[in-house]
Amino acid sequence: MIHITLPDGSIKSYEQNITSYEVALSISEGLARNVLAAIVNDEVWDLHRPIQSNATLRLLTWDDEQGKDVFWHTSAHLMASAIEMLYPGIKFGIGPSIEVGFYYDIDFMDYTISSDDFKKIEDKMAELVANKEKINRIEVTKEEALKYFKKKNDEYKIELIEGLEEGTITFYKSGEFVDLCRGPHLPDMSPIKAIKLLSLAGAYWRGDEKRKQLTRIYAVTFPKKKLLDEYLLLLEEAKKRDHRKLGKELELFTFSQTVGVGLPIWLPKGAALRERLENFLKKVQKEYGYQQVICPHIGNVELYKISGHYQKYGQDSFRPISTPQEGEEFFLKPMNCPHHCEIYSCKPRSYKDLPLRLAEFGTVYRYEQSGELHGLTRVRGFTQDDAHIFCTPDQLEDEFCKVIDIILYIFKTLDFKDYTVQISLRDPDNKEKYIGSDENWKKAEKAIIDAVQKRNLNAVIEIGEAAFYGPKLDFMVRDAIGRKWQLGTIQVDYNLPERFDLEYIGSDNQKHRPIMIHRAPFGSMERFIAVLIEHTGGNFPLWLAFEQVAILPISDKYIEYAQQIAQQLENQGIRVTIDDRSEKTGKKIRDAEMQKIPYMIIVGEKEMENNTVAVRKHGMQDMGSMQLDAFAQIINNEIKNQLS
RNA sequence: GCCGUUGUAGCUCAGUGGUAGAGCACUUCCUUGGUAAGGAAGGGGUCACGAGUUCAACUCUCGUCAAUGGCUCCA
C-alpha cells in the first residue's frame, strides 16, 4: 500500500501503481470525468502513469492553468497529427501551449497553405477526436529517438533530441502520429470538443532570424463548445475596441504616409485628451516635488557617446543630422536622460538640493524596424512622461517607493484595477550585454527588491530583462477584457551619473555620486492612450471626454434655448456641443451615442417652458427632466469622484 | 529586417481582361420632427505606385510602397 496526500491535507491509502485517474475515480465519478492531468510530487503527470510510492497528488482540471496547459499541448499534437495526415512528409518544429491556445511550427516543404485550409484541418482534427484515439507515453533511449527521426528525415526534431541529455526520452503516440515530447498529455483526445484554427504566420526556427522560417499555425481548443463561442466573442470585442479603429472613428489621431510611417499625428480631439492626461500627471508630480524642464529634440553625438547609447544603439538609430558648415553631428533625441544629466550638472549641487526630480514630457525618436510598427503602441516618434530623480543612496528606497505610489494612484484613477509587477534583473551569465560595475548592479537590484517588499507588491522576477544600464520595475495592467499591457516603468541607474561624472557635496564636505531613477508612469503618451482606448472601448471617463455634454434641440425653435444652456454649463467649465442640424431627435441621439459623448440633454417645448433639461446618459435610456443646476451638479460630482 | 495576407470614393466593402458600384459620410433642397438612421437630388475614384504581357489591364505577371497577422528586435 502507498499513501497519497491530497491538497486538503488528507491522506489516503491505495495499492501500489495506482494511477491518478483511479484516485480521481475513487473520489467521485464527476471528478474523474473532468480531470485532465495530475501534479504528482510537484511534477505534472499523465493520468495513467502509475504512482509507485508515497506521493502528494493534486488533480488538474480545466479550471487550473496547468490543466489548460496539458489540454492545449495535447491539442497541438492533435493538430500536428491531422496536418501530417493531410500533408504527408512535412516536418515539425515545436508545438507548445500558450496563454490562450497553442501553436505548432511546421516546415510545409513544397506545400502551400493558407487560412482557406483551416476548415479541412479542423475537420480532420474532429475526426481524430471522434476516433477516441488513445495517447500513449513511450520511453526510448536517445539513440532510438534519433534513429526514428533520422528515418523520418526531420532535422528539427533531430536537433532538439541532440540538445537533450543522455538517458530516457519520451515519445507520445496517438494513432500514427509520434512526437518527441516531455508531456504530459490527456489520456485520449475525446475531451477536445471545440476546435478553431486562428491564424498563420512565419516564425524563425528556434527564434533565430538567421535560420529557416517555418509556418506557425495558431489555434485554440476547448472542452465545451460554449467556451469557444465565448472566446470568439471576446476576440470580436477586442476588434471593436482596437485603438486604431476607434482612433479613426473618434478622430483622435491619424497616420500619413507623406509625414512618414510610424509617426502619429494627433487630431484636435486626441490632442485634447492627451493634454488632459498630461495636466493630470503634472499636477500629481507637482505635489510630489517634481519640477518640469524642457529640452531640445536633438542632441550632439558627443552627448550619446558619453551616455553610452551611441555605442549601444548608434547603428540602429536614425542617421545623424549634421550642420552644413561645421559638420557637427546631432542625433534625434532617442531618450531624455542624457539631457537631464546635463541639467543636473549645470551647477554645483549640494546634498541639500537632493532629491532633484526633473520631469519632462519629452518627445523622442527611435528607429523601429518597419515590421514592428503597430498603431500607437509601437511608433518611431513618441512622447515619454519622463522624469529623472537624482538622489543620495539614503534617499533611494524612499524615492523609489514614492514613484510606485504615483503609478498606483494613476492606475486607480484611470480604473486599471488589475495589474501585475515585474522586476527585471540582469542576466549574470551575459554580463557583456550591460554596462556598469557588479557592485552597482547588486545595489540597484537590491534597492528595487526592497522597495517592492516595502510596498507589498506581488512581483515576478525576470532574469535578463533589465535595461542595459540598470534593473527595472515594470507595471503591467489587465484591461477590461482581460488583455495584458505593459505600461509604467521605474529604473535604477548608477551608470549614467558615473558616465556624466555627476556629483554633489555631502554634509561631510566631500564629493559624492548621486543615484538616478528613471521613471515613466504612462510609459509613453501614445502607448498609454492606445491602452486607455482599448480599456474603455472609447468611453472615456467624464473628466477626459472631449465633449462631455451634447445638447440636442428637438427642432430649430429651441436652438436659442440650447445656446443659453450651453453658456451656463460652459461657465462652470463643462465641455458642451450643440447639435443644431435640422435632423430628427432620433438621429441626433444616434450620432451622439456613436461619438460616445457621455451625456446628452434634449430640449424642446416642455423643457423651455419649465426651464429644465431632459437628460440621457450614454448607453442608457432617458433619465427624465431636471433643473439645469441639478444636472450640472451630477456632472461636477462625477468628475470629482473620478479624480479623488 | 524576415514570412504570410491585403490595398477599389472620406469610411465600410461589392465587382469585372473591354476604361467602375453600394451603404454611410459630404453638398443643396424639402421636412421642424420627443429618445439609436425622415425624404429627394448632387458632387466625389489615374481601382496604392511603377514596369511587363495583351488589340485592350482596375482585373494577369513582376517589382516598389503601405497596411495587416506573426517572427526577430525594443534605450
Side-chain angles (χ1 to χ4, degrees), chain A residues 103 105 108 112-116 198-218 242 244-245 248-249 251 254-258 260-262 304 307-314 316-317 331 333-338 364-375 377-380 384 386 434-435 465-470 472 486 489 491 493 495-496 518 520 527 552-559 581-595 600-607 614-625:
Chain A
Y103 66 78
D105 285 349
F108 274 95
T112 48
I113 183 163
S114 77
S115 51
D116 297 337
L198 296 171
S199 66
L200 203 64
Y204 300 110
W205 171 234
R206 309 211 108 176
D208 183 343
E209 61 184 318
K210 291 184 190 67
R211 304 195 65 175
K212 184 160 180 176
Q213 197 157 40
L214 307 179
T215 304
R216 174 171 298 181
I217 300 181
Y218 285 91
D242 190 317
R244 294 167 300 182
K245 180 172 173 284
K248 196 180 270 178
E249 286 173 5
E251 296 182 14
T254 188
F255 288 91
S256 149
Q257 212 173 308
T258 313
V261 296
Y304 304 109
S307 72
H309 291 98
Y310 179 83
Q311 296 82 327
K312 185 86 183 167
Y313 294 103
D316 302 321
S317 297
F331 270 112
K333 179 169 71 168
M335 81 291 303
N336 305 300
C337 30
V364 297
Y365 301 89
R366 297 177 182 177
Y367 173 75
E368 303 285 358
Q369 298 185 76
S370 58
E372 292 316 315
L373 303 171
H374 179 94
T377 59
R378 194 77 187 268
V379 287
R380 285 178 173 169
Q384 295 178 312
D386 212 356
Y434 310 91
I435 57 176
E465 293 290 311
F468 76 93
Y469 52 75
K472 56 181 181 171
Q486 201 208 303
T489 180
Q491 310 174 357
D493 185 357
N495 291 304
L496 277 188
H518 309 240
R527 191 183 165 74
L552 315 179
I554 299 250
S555 82
D556 292 358
K557 287 180 244 162
Y558 315 107
I559 290 180
R581 295 175 302 170
S582 111
E583 290 288 352
K584 289 181 140 184
T585 313
K587 170 74 168 163
K588 293 183 181 182
I589 290 173
R590 177 181 158 81
D591 287 348
E593 287 283 356
M594 293 206 303
Q595 281 300 305
M600 286 154 272
I601 55 187
I602 291 126
V603 291
E605 192 63 39
K606 277 185 283 177
E607 288 73 22
V615 179
R616 183 184 167 116
K617 196 169 178 172
H618 171 67
M620 318 258 248
Q621 298 297 314
D622 193 351
M623 289 170 71
S625 291

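Just so we're on the same page: letters track the sequence lines, and every chain starts at 1.
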Take atom [atom1] of [X] and atom [atom2] of [N], then tell me their distance rounded to the nearest Å.
X        : N     : atom1 : atom2 : answer
A/Arg380 : B/C73 : CZ    : P     : 18 Å
A/His518 : B/A75 : NE2   : C1'   : 9 Å
A/Arg616 : B/G34 : CZ    : P     : 15 Å
A/Lys210 : B/C71 : NZ    : C1'   : 14 Å
A/Tyr469 : B/C74 : OH    : P     : 13 Å
A/Leu198 : B/U5  : CG    : P     : 18 Å
A/Arg581 : B/G33 : CZ    : P     : 17 Å
A/Tyr367 : B/C73 : OH    : P     : 15 Å

Rounded to whole angstrom, note down the [atom1] distance from [N] over to [M].
N     : M     : atom1 : value
B/U28 : B/A20 : P     : 29 Å
B/U59 : B/U16 : C1'   : 7 Å
B/A14 : B/C58 : C1'   : 14 Å
B/U12 : B/A25 : P     : 15 Å
B/C13 : B/C74 : P     : 35 Å
B/G43 : B/A22 : P     : 12 Å
B/G44 : B/C60 : P     : 28 Å
B/G4  : B/U72 : C1'   : 16 Å

Looking at the side chain of [X], which of [options] is the nearest nucleotide?
X        : options             : answer
A/Gln213 : B/A36, B/A75, B/G70 : B/G70
A/Asp622 : B/A36, B/A75, B/U35 : B/U35
A/Thr585 : B/G34, B/A36, B/G69 : B/G34
A/Val261 : B/G1, B/A75, B/A66  : B/A66
A/Arg366 : B/A36, B/A75, B/A67 : B/A75
A/Ser199 : B/A37, B/G33, B/G69 : B/G69

*Go ahead and write out RNA chain B as dot-bracket, 5' to 3': ( ) for pairs within the strand, [ ] for ones crossing earlier pairs, | when the partner sits on another strand, dots for unpaired; Watson-Crick or G-U wobble, both distances under 3.5 Å.*
(((((((..((((....[..)))).(((((.......))))).....(((((..]....))))))))))))....

Base, sugar-phosphate or nothing for [X]? Non-hydrogen atoms, less than 4.0 Å.
X        : result
A/Lys312 : nothing
A/Arg216 : sugar-phosphate
A/Gln311 : nothing
A/Gly604 : base
A/Glu605 : base
A/Gly207 : sugar-phosphate
A/Ala614 : base
A/Gln369 : base
A/Tyr103 : nothing

Is [Y] close to [X] at the side-chain level, that is, under 4.5 Å between some pair of heavy atoms?
X        : Y        : result
A/Cys337 : A/His309 : yes
A/Arg380 : A/Tyr365 : no
A/Ile113 : A/Ile217 : yes
A/Glu209 : A/Tyr204 : yes
A/Ser625 : A/Lys606 : no

*Would a line drawn from the ring center of A/Phe331 to the ring center of A/Tyr313 be shorter than 6.0 Å?*
no

Report yes if at least one side-chain N or O of [X] is closer than 4.0 Å to OP1 or OP2 of [N]; otherwise report no.
X        : N     : value
A/Lys587 : B/A25 : yes
A/Lys248 : B/U12 : yes
A/Arg244 : B/A67 : no
A/His374 : B/A67 : no
A/Tyr218 : B/G4  : no

Does a distance-only test, which skips hydrogens and angles, find a donor-acceptor pair under 3.5 Å between the side chain of [X] and the base of [N]?
X        : N     : result
A/Ser582 : B/U31 : yes
A/Tyr204 : B/C2  : yes
A/Arg378 : B/C74 : yes

_Please give me the minimum heavy-atom distance between A/Phe468 and A/Lys312, naming the atom from each residue._
CB-CE, 3.8 Å

*Pick the nucleotide of RNA chain B nearest each of A/Glu607 and A/Glu372; which residue has the one closer to the 5' end?*
A/Glu607

_Most 5' of A/Ile554 and A/Ala201 on RNA chain B, judged by nearest nucleotide_ = A/Ile554

*Are the ring of A/Tyr313 and the six-membered base ring of B/A75 within the stacking cut-offs of under 5.5 Å and under 30°?*
yes

*Trace of the ring-ring contact (aromatic ring centres under 6.0 Å, His included) decision for A/His518 with A/Tyr469*: CA-CA 11 Å; A/His518 309 240; A/Tyr469 52 75; 4.7 Å; yes

*asked:* Go through it in stages, so that I can follow the logic: the residues are A/Arg581 and A/Asp591, the test is side chain to side chain contact (heavy atoms under 4.5 Å, CB included), and I'd like the CA-CA distance, side-chain angles, deciding distance and then a yes or no.
replied: CA-CA 11 Å; A/Arg581 295 175 302 170; A/Asp591 287 348; 2.8 Å; yes

*Can A/Arg206 and A/Asp208 be counted as an ion pair, charged N to O under 4.0 angstrom?*
no

*Is A/Asp622 paired with A/Arg616 through a side-chain N to carboxylate O contact shorter than 4.0 Å?*
no

